[in-house]
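Predicted, not measured: the structure shown is a model, and the values here were computed from it. Values below: all heavy atoms of this structure, side chains included; hydrogens, waters and symmetry mates excluded.
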Amino acid sequence: MQPRRHPPPASRPGAPRAAAPLLALLLLLALPQAAAVPRGLLQQTARAALHFFNFRAGSPSALRVLAAVQEGRARINPKKGWRVDLAFTTELYNPKEGAEHLGKCSAQVFFRNQKPRPAVNVTCTRLIEKKKRQEEDYLLYQQMNQLKTPLDIISIPDSHGYIDPSLRPIWDLAFLGSSYVMWEKTSQLLYYYMVQLSSVVQWKTDNEAIDFDYTVLLHEFPTQEIIPCRIHLVWYPGKPPQVKYHCQELQTPEEASETEGSAAAPTDFSIV
């Protein structure tokens, strides 16, 4: 089984960063205060809203990815940033045979000028009934508890892009935790895809939560950089996930930087 929606291969770490982010920002600033937004930027904004939604929903069984943007408008404030109102459709990250794949979301996303962590208010129609989602989350929880400890994993997927079915729960939980990181790092200029998982260590906890550390490789667009992030995720079915992370930006040695953050409680999102 392969992870869905892989981006194209990235350039080597340390390659010159693309000029496209600056061009995109200049394009936005050139738009009138209320304007239609280029479709590529609408897709980037929808993915940021979905990263936020996936993490706050806290369910690896109900992860969503973008299907298509239906419409969107932006209001530009050159001094503060830009707000995008949009509607889009989604599909399940791991669609089940015979299940409804498409759902609808509406979101308002505010990007502060050249700063990450956009403010998101998003509402989505339900794709999986609450009881079914709880059952699938608990099944995944049991599968994680049955994995051997310590985990001996080099990379997911492997060099051929294959994910062993027994490792799928790890990938899905990692995607859940990485959604927070990708949302928090997204800006007007940059957005991210999760491409590989490695160095997984699962810990036993007193409260029976799933507690594990892993390193994830994020593909940064449009710079084509590969960003390694060390993530610590604590998850238990029905409870908000907790994430701490530390990312190493792989640019030139002179430009190298690090980012870190943490999160727990949900804020502005809803399922109707």
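- Neither side chain, Gln242 nor His232, offers a donor N or O lying under 3.5 Å from an acceptor on the other.
- Arg73 contributes atom CZ, which lies 12.5 Å from atom CG of Leu86 (distance to the nearest 0.5 angstrom).
- For the residue pair Asp85 and Gln108, a side-chain donor N or O sits within less than 3.5 Å of a side-chain acceptor on the partner.
- Neither side chain, Gln134 nor Tyr138, offers a donor N or O lying under 3.5 Å from an acceptor on the other.
- Scanning both residues, Met182 and Met194, for their nearest heavy atoms gives SD-N, 3.7 Å.
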Intermediate values then yes/no, side-chain contact (heavy atoms from CB on, under 4.5 Å), Tyr236 and Ile210: CA-CA 6 Å; Tyr236 187 85; Ile210 300 298; over 6 Å; no
Tyr141/Asn145 under side-chain contact (heavy atoms from CB on, under 4.5 Å): CA gap, chis, key distance, verdict: CA-CA 6 Å; Tyr141 170 78; Asn145 277 333; 3.1 Å; yes
His219/Phe221 under ring pair (Phe, Tyr, Trp, His ring centres under 6.0 Å): CA gap, chis, key distance, verdict: CA-CA 7 Å; His219 190 172; Phe221 283 81; 4.1 Å; yes
Criterion side-chain contact (heavy atoms from CB on, under 4.5 Å) on Leu176 and Leu63, from CA distance to verdict: CA-CA 7 Å; Leu176 174 65; Leu63 295 169; 4.2 Å; yes
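- For the residue pair Asn77 and Arg83, no side-chain donor N or O sits within less than 3.5 Å of a side-chain acceptor on the partner.
- Side-chain rings of Tyr93 and Phe175 approach one another, their centers coming within less than 6.0 Å.
- Distance check: Cys247 SG to Leu218 CG gives 6.0 Å after rounding to the nearest 0.5 Å.
- For the residue pair Tyr193/Glu220, the side-chain donor-acceptor check at 3.5 Å is not satisfied.
- Residue Leu233 comes nearest to Pro241 through the heavy atom pair CD1-CB, 4.0 Å, listed as atom of the first residue, atom of the second, then distance.
- The CZ atom of Arg64 sits 12.0 Å away from atom CG of Leu66, with the distance rounded to the nearest 0.5 Å.
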Derivation of the ring pair (Phe, Tyr, Trp, His ring centres under 6.0 Å) call for Tyr214 and Phe212: CA-CA 7 Å; Tyr214 59 96; Phe212 72 113; 5.2 Å; yes
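- The two residues Trp171 and Ile156 come nearest to each other via the heavy atoms CZ3-O, 3.1 Å.
- Comment: Arg133 does not engage Glu129 in a salt bridge, judged by the lack of any side-chain N to carboxylate O separation of less than 4.0 angstrom.
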